[in-house]
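Step one of this worksheet: look at the structure below.
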Amino acid sequence: MKAISSMATRLVLADLTAAAAAERLARVDVESVGGVDAAERVAAGEAFDLVFLASGALSRLAAEGHVDAETVTPLVLSQVAIAVPSGSSEKAVRPDGPAFADAAGLRDALRNATRVGYSTGPSGTALAKMIDDWGMISELGDRLVQARPGIPVARSLADGEVDLGFQQLSELVGQPGVRILGVMPDDCAIDTLFSGGVATASADQARARKVLTFFASAAVAPIKAQHSFGVPA
């Protein structure tokens, strides 16, 4: 079976598909690309069996008839975290706690950063809107650096292109050259729900539904936790 996903879920999907193969449900080959590119390819009619994207993007594809709306299933909840290059001198904070006490502290960090990296995905869109709502877009100007499609913020941090980065926690954990400060404060947290759906172009929709049901089951919750994803309520 053929599937497409955004970059944010590529690692957890690799383990989920391995588990599905072990259960003899199906072999699923997942291509992970930038979320915008993935949605455009599905909308263009490219043949996939399963699609894994942020819920908003998947809902739009379902509304347009490219994904079976009845099959859209929440799979994982992702928090946005804040990171710096591993060689920086900021005091380390546990990845499961807030990087800053509140939004005011985060705004100070943005002002003090030389270059701020953020993603092309839904978390990046939400961050840009938040900064705009704070009235800081003009203040930060070209210090805001959006990663190129398909390029993780972690790489920009490791390569020294930015000194403060915002990305899904699951995208930052375990990446070389990166030190995670923590998730965003509660009063400005950015959480993204990722879902899966069966593409209307699928040649075996029944089997695709079985795989999707397995991905949403309690049996694979430990796999999601290993990749720093939460399970939707």
Side-chain angles (χ1 to χ4, degrees), residues 6-9 12 34-36 53-60 74-86 88-147 149 151-158 161-175 178-195 224-225 227-233:
S6 58
M7 297 294 289
T9 55
V12 69
V36 174
L53 290 171
S55 291
L58 202 60
S59 294
R60 286 190 291 274
L75 295 178
V76 293
L77 185 65
S78 179
Q79 294 177 292
V80 170
I82 308 166
V84 295
S86 57
S88 57
S89 60
E90 287 86 350
K91 182 180 178 181
V93 180
R94 289 181 59 190
D96 57 353
F100 302 96
D102 52 26
L106 181 56
R107 288 193 289 270
D108 288 341
L110 288 167
R111 291 188 175 99
N112 292 330
T114 302
R115 289 172 71 81
V116 179
Y118 68 104
S119 76
T120 58
S123 65
T125 300
L127 180 70
K129 182 181 184 303
M130 182 180 294
I131 292 172
D132 190 28
D133 290 343
W134 286 342
M136 294 178 62
I137 288 290
S138 296
E139 179 182 350
L140 296 176
D142 60 7
R143 287 190 287 151
L144 286 172
V145 181
Q146 188 174 45
I151 303 298
V153 173
R155 186 184 302 178
S156 298
L157 286 164
E161 296 177 1
V162 300
D163 59 325
L164 187 69
F166 296 80
Q167 181 61 291
Q168 310 285 349
L169 177 60
S170 59
E171 283 282 276
L172 294 169
V173 169
Q175 296 303 305
V178 170
R179 182 152 56 82
I180 300 169
L181 298 182
V183 297
M184 294 181 67
D186 289 342
D187 59 351
C188 61
I190 297 175
D191 296 337
T192 303
L193 180 64
F194 289 94
S195 298
K224 298 173 184 179
H227 289 276
S228 301
F229 282 110
V231 177

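Because the structure is a prediction, the values reported are computed rather than measured.
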> Which pair of heavy atoms, one from Val178 and one from Ala154, lies closest together, and at what distance?
Replying inline: CG2-O, 3.5 Å

>> Using the rule side chain to side chain donor-acceptor pair (under 3.5 Å), only one of Ser119, Ser228, Ser78 pairs with Gln168; which is it?
In response: Ser78

> Can Ser195 and Ser55 be counted as having a side-chain donor-acceptor contact under 3.5 angstrom?
Replying inline: yes

> Is the shortest heavy-atom distance from the side chain of Phe194 to the side chain of Leu75 under 4.5 Å?
Replying inline: no

>> Quick check: do His227 and Val173 have side-chain heavy atoms less than 4.5 Å from each other?
In response: no

>> Using every non-hydrogen atom in the two residues, find where Gln146 and Thr120 come nearest and quote the distance to one decimal.
In response: NE2-CA, 3.6 Å

> With side chains defined as the heavy atoms from C-beta onward, is the minimum distance between Leu106 and Phe166 less than 4.5 Å?
Replying inline: yes

> Between the main-chain N or O of Ala103 and the side-chain N or O of Asp187, is there a donor-acceptor pair closer than 3.5 Å?
Replying inline: yes

> Could you state the interatomic distance from CG (Leu169) to OG (Ser123), rounded to the nearest 0.5 Å?
Replying inline: 11.5 Å

> Quick one: are Ser6 and Thr9 in side-chain contact, heavy atoms under 4.5 Å?
Replying inline: yes

> Does Val80 reach the side chain of Leu127, with side-chain heavy atoms less than 4.5 Å apart?
Replying inline: no

> In Å, rounded to the nearest 0.5 Å, how long is the span from CD1 of Ile137 to NZ of Lys129?
Replying inline: 11.0 Å

> In Å, rounded to the nearest 0.5 Å, how long is the span from CD1 of Ile151 to CE of Met7?
Replying inline: 7.5 Å

> Do Phe100 and Ile82 have side-chain heavy atoms sitting under 4.5 Å apart?
Replying inline: yes

N/O donor to acceptor pairs below 3.5 angstrom from side-chain atoms of residues 108-116, sequence neighbours left out:
unit_1	atom_1	unit_2	atom_2	d
Arg111	NE	Glu139	OE2	3.0
Asn112	ND2	Asp108	O	3.1
Arg115	NE	Glu161	O	3.0

> Say you draw a straight line from CD1 of Ile131 to OG of Ser138; how long is it, rounded to the nearest 0.5 Å?
Replying inline: 12.0 Å

> Does the side chain of Met130 come within less than 4.5 Å of Met184's, by heavy atoms?
Replying inline: yes

